[in-house]
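First up is the structure itself, then whatever we jot down about it.
These values consider heavy atoms only, across backbone and side chains, with no hydrogens, waters or symmetry-generated copies. The chains referred to below are lettered A, B, ... by the order of the sequence lines, with proteins before strands, and numbering in each begins at 1. Predicted model, so just to flag it, every value in this text is computed and none were measured.
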Amino acid sequence: MKLTREEVREVAYLSRIEMTDDELDRMTGQLGAILDYADMLNELDLEGVEPTSHVIPMKNVMREDVVKESCGVEKALMNAPDRFGDFFRVPKVIDEGEGH
Amino acid sequence: MELCTKTASELIGMLRAGEIDPIDIVDSTFKRINEKEPDVKAFIAVLEESARKRAEELKDADRSLPLYGIPVAVKDNMCMRGAQTTCGSKILTPYEPPYDATVVEKLKAAGAVIVGKTNMDEFAMGSSCEWSAHHPTRNPWDLERAPGGSSGGSAAAVAACECAMSLGSDTGGSIRQPASLCGVVGMKPTYGAVSRYGLVAFASSLDQIGPFARDVRDCAMLLDVICGHDPKDSTSIDREPPDHVAALDAGAAGMTIGMIKDLFGDGVEPGVRERVSAAAEVFEKMGAKIKEIEMPIVKYALPAYYLIAPAEASSNLARYDGVQYGMRENADDIVSMFRKTRRAGFGAEVKRRIMLGTYALSAGYYDAYYLRALKVRTLIVKEFEKAFAECDILMSPTSPATAFKLNEKIDDPLAMYMMDICTIPVNLAGLPGMSIPCGLSDGLPVGLQLIGPTLGEQALLRAARAFEIGSGICGMIPGEKTD
């Protein structure tokens, strides 16, 4: 299946990575080559095979609901690129046109 | 012989006998680092001040601590207070973690002296260390060549005797492949054997922390310190860990070692094939039985991995958005800020994998790519189970080639990915694997990969130690000791 530049543009948007047209062209070629290689998996008969997402049995791990020391506001904010009081400050979130 | 060239077990003997103090080792180590770093560049950060302070504190501490006074380096994707953890990425420059990774805590409690944070491919994605946002690392055996990756800095630092041992992480071969290319011992333990708390996540179902050392005994010593259950990592295996050092001297006699025929194919350099075949003869000499094993599924591991690992990475790396830590590029609205920050902060390989993973998980392609890859993973797990019904451990080359030249593969992602063709199946099945040096080919180290069943680290170490004895290849140092 052939990957188009428009699909790659959409993937870049979903990935939240800004890209120029030149970069999109290069990425289209490179991702296409990797996906062509991955098509090798179509050679296998996978009828009735269960998927494995983890090799060890995964179960929810519960602990007692007791209050313990946590990291604290200062530590949590020590790496903040932009801090406002006890908050992380970000550019405006609403009133945003979903333009690609 | 300078102290920095000694193994940890030799140093511990001298320390306990009171012949030397931790500060003597630190002096020798930083002298070496100052000599070697301009060429090798194994470190992102050298932590001389804190290491000296630690060595002074240790002088009067309990000398029976398992890594008392031993200089250890830590890959820059493991959190450590008081130092930067950049993960080889611009997007985490700067980032100072407010806590220690469990492995770092364990190193400190064991009396180790942490000498620095080592270079790596950005977010552990790469096989040459060339994708580091800081600088490439060079292979101590030939400075024109790559040390392998992604834990290339940890491997090169041990090979150049800039530390006695180090920690790396292995998602698809990132400990074993650089160990192979740098002529040192490296082990990826069973998935879940070592806590990942404080390890910056790449592909969470595959990532595992493990040791580098110049010989098998040191590798076992470091493994003993870091492994064990951690309540802070719910995927860490809840069991009493065994004594790996105690398992070392059991010998290889009576073991059945399977040679994976499918990993000796055309893509393997003749020099590598020759050394690894010679290793099989050493095992026979040591009383093991070599059995040829066919595992046709292993050739599908690489394409499956390049769907599964990027899919997990695309989700794990969503957290780098310029909000809580790391760098930010300003913009008027938040989505533009995310996109500009990630554009400026991530390098080419990381972007490629995030996008590949996003695509493989996206509506319409999930079944065709991601789900298919997970089913192939099941087949790989089963084929290993079948092999371990007949064999105690398996062997193959670690890397199909010796160290390649810097810049040789940087523009060809698939050619770079092929460097991990022998190591990736092991991660997909969650098994323990190690690479040990098995000689040189044209002056460059060749690595032998040993693969064990789940929690079969003791069998691997026992066979690896027997190989050192049988071959005489132990503790190679470039330019100083070549067998």
Side-chain angles (χ1 to χ4, degrees), chain A residues 1 3 7-8 10-20 23 26-27 30-31 33-35 37-44 46-56 58-61 63 71-72 74-82 88-99, chain B residues 94-96 98-99 191-192 205 231 234-235 237 299-300 302-304 306-307 314 318 321-328 330-340 342-343 346 351-352 354-356 358-359 362 368-369 371-379 381 413-414 417 428-430 454:
Chain A
M1 136 174 55
L3 195 64
E7 283 177 300
V8 176
E10 180 63 20
V11 170
Y13 184 75
L14 291 172
S15 306
R16 298 293 188 255
I17 299 171
E18 189 181 78
M19 284 200 158
T20 64
E23 287 166 332
R26 199 158 50 242
M27 192 61 86
Q30 288 170 338
L31 292 185
I34 298 166
L35 290 169
Y37 179 67
D39 281 341
M40 203 175 130
L41 299 182
N42 295 330
E43 294 166 12
L44 293 166
L46 299 172
E47 193 61 41
V49 178
E50 288 295 316
T52 297
S53 56
H54 252 91
V55 289
I56 53 173
M58 299 292 280
K59 56 175 182 4
N60 271 335
V61 179
R63 61 167 171 78
C71 134
E74 282 312 309
K75 272 187 179 177
L77 285 164
M78 67 188 257
N79 285 290
D82 188 6
F88 296 103
R89 181 159 55 190
V90 295
K92 84 179 165 216
V93 176
I94 39 178
D95 188 24
E96 166 220 335
E98 267 282 312
Chain B
Y95 173 64
E96 188 185 326
Y99 66 98
Y191 180 80
S205 81
S234 61
T235 61
I237 300 170
K299 76 167 170 176
Y300 298 99
L302 193 71
Y306 276 99
L307 296 170
S314 70
D321 56 6
V323 174
Q324 296 174 66
Y325 37 65
M327 60 161 283
R328 173 190 293 187
N330 285 313
D332 291 338
D333 67 272
I334 196 161
V335 174
S336 301
M337 185 278 277
F338 293 157
R339 295 175 69 207
K340 285 181 193 300
R342 290 161 68 83
R343 170 194 175 80
F346 288 137
K351 285 177 184 164
R352 202 149 42 227
I354 289 174
M355 289 177 62
L356 184 59
T358 304
Y359 181 76
S362 63
Y369 289 112
L371 191 64
R372 180 170 286 272
L374 293 185
K375 290 180 177 176
V376 173
R377 188 173 184 183
T378 304
L379 298 183
V381 169
L414 273 171
Y417 298 171
L428 288 174
T454 302

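- Of the residues considered (A/Arg63, A/Arg26, A/Glu43), A/Glu43 shows the highest number of contacts with chain B, using heavy-atom pairs under 4.5 Å.
- In this structure a side-chain-to-backbone donor-acceptor pair under 3.5 Å is present from A/Asn79 to B/Glu96.
- In this structure, the separation between NZ on B/Lys375 and CG on A/Leu41 is 12.0 Å, given to the nearest 0.5 Å.
- The most heavy-atom pairs under 4.5 Å with chain B, out of A/Pro51, A/Ala38, A/Cys71, A/Ala76, come from A/Pro51.
- In this structure the side chain of A/Gln30 never reaches within 4.5 angstrom of the side chain of B/Met355, judged on heavy atoms.
- At least one side-chain heavy atom of B/Leu356 sits less than 4.5 Å from a side-chain heavy atom of A/Leu35.
- Between atom CZ of residue B/Arg342 and atom CD of residue A/Glu18 there is a gap of 12.5 Å, rounded to the nearest 0.5 Å.
- Of the two parts of B/Ile354, the backbone and the side chain both hold a non-hydrogen atom closer than 4.5 Å to a non-hydrogen atom of chain A.
- The part of B/Val381 that comes within reach of chain A is its side chain, from C-beta onward, which places non-hydrogen atoms under 4.5 angstrom from that chain.
- B/Leu414 touches chain A through its side chain: at least one heavy atom from C-beta onward sits under 4.5 Å away, while N, CA, C and O do not.
- A salt bridge links B/Arg343 and A/Glu23; the closest N-O separation between the charged side-chain nitrogens and carboxylate oxygens is under 4.0 Å.
- In terms of heavy-atom pairs under 4.5 Å with chain A, the best-connected choice from B/Thr454, B/Leu302, B/Ile237 is B/Leu302.
- Among the candidates A/Val61, A/Leu46, A/Ile56, the residue making the largest number of heavy-atom pairs closer than 4.5 Å to chain B is A/Leu46.
- Of the two parts of B/Ser336, neither the backbone nor the side chain holds a non-hydrogen atom closer than 4.5 Å to a non-hydrogen atom of chain A.
- There is no contact between B/Ala318 and chain A, counting heavy-atom distances below 4.5 Å.
- Distance CZ/B/Arg328 to CZ/A/Arg89: 8.5 Å, rounded to 0.5 Å.
- Contact of B/Tyr417 with chain A is made through the side chain alone, with heavy-atom distances under 4.5 Å.
- Atoms OH and CG, on A/Tyr37 and B/Leu307 in that order, are 10.5 Å from each other to the nearest 0.5 Å.
- Counting heavy-atom pairs closer than 4.5 Å to chain B, the top-ranked of the candidates A/Leu31, A/Val11, A/Asn60 is A/Val11.
- B/Arg377 contributes a side-chain N or O that, together with a main-chain N or O of A/Ser53, makes up a donor-acceptor pair within less than 3.5 Å.
- With values rounded to the nearest 0.5 angstrom, B/Arg372 atom CZ is found 9.0 Å from A/Asp39 atom CG.
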As a quick check of understanding, evaluate side chain to side chain contact (heavy atoms under 4.5 Å, CB included) for B/Tyr359 and A/Leu14, giving each step before the final call. CA-CA 9 Å; B/Tyr359 181 76; A/Leu14 291 172; over 6 Å; no
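- Residue A/Lys75 holds its NZ atom at 11.0 Å from OH of B/Tyr99, rounded to the nearest 0.5 Å.
- Within the 4.5 angstrom heavy-atom criterion, only side-chain atoms of B/Met337, from C-beta onward, approach chain A.
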List the steps and the verdict of side chain to side chain contact (heavy atoms under 4.5 Å, CB included) for B/Asp332 and A/Lys92. CA-CA 7 Å; B/Asp332 291 338; A/Lys92 84 179 165 216; 5.7 Å; no
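- At a 4.5 Å heavy-atom cutoff, the contact between B/Thr378 and chain A is made by backbone and side-chain atoms alike.
- In this structure, A/Pro81 and B/Gly322 approach most closely via the heavy-atom pair CG-O, 3.3 Å.
- Of the two parts of A/Met78, only the side chain, counted from C-beta on, holds a non-hydrogen atom closer than 4.5 Å to a non-hydrogen atom of chain B.
- Scored by the salt bridge (charged side-chain N to carboxylate O under 4.0 Å, His left out) test, A/Glu47 finds no partners at all (sequence neighbours excluded).
- Chain A forms the most heavy-atom pairs under 4.5 Å with one residue out of B/Pro231, B/Pro94, B/Ala429, and that residue is B/Ala429.
- Note on B/Phe338, B/Tyr300, B/Tyr306: by heavy-atom pairs under 4.5 Å with chain A, the leading option is B/Tyr300.
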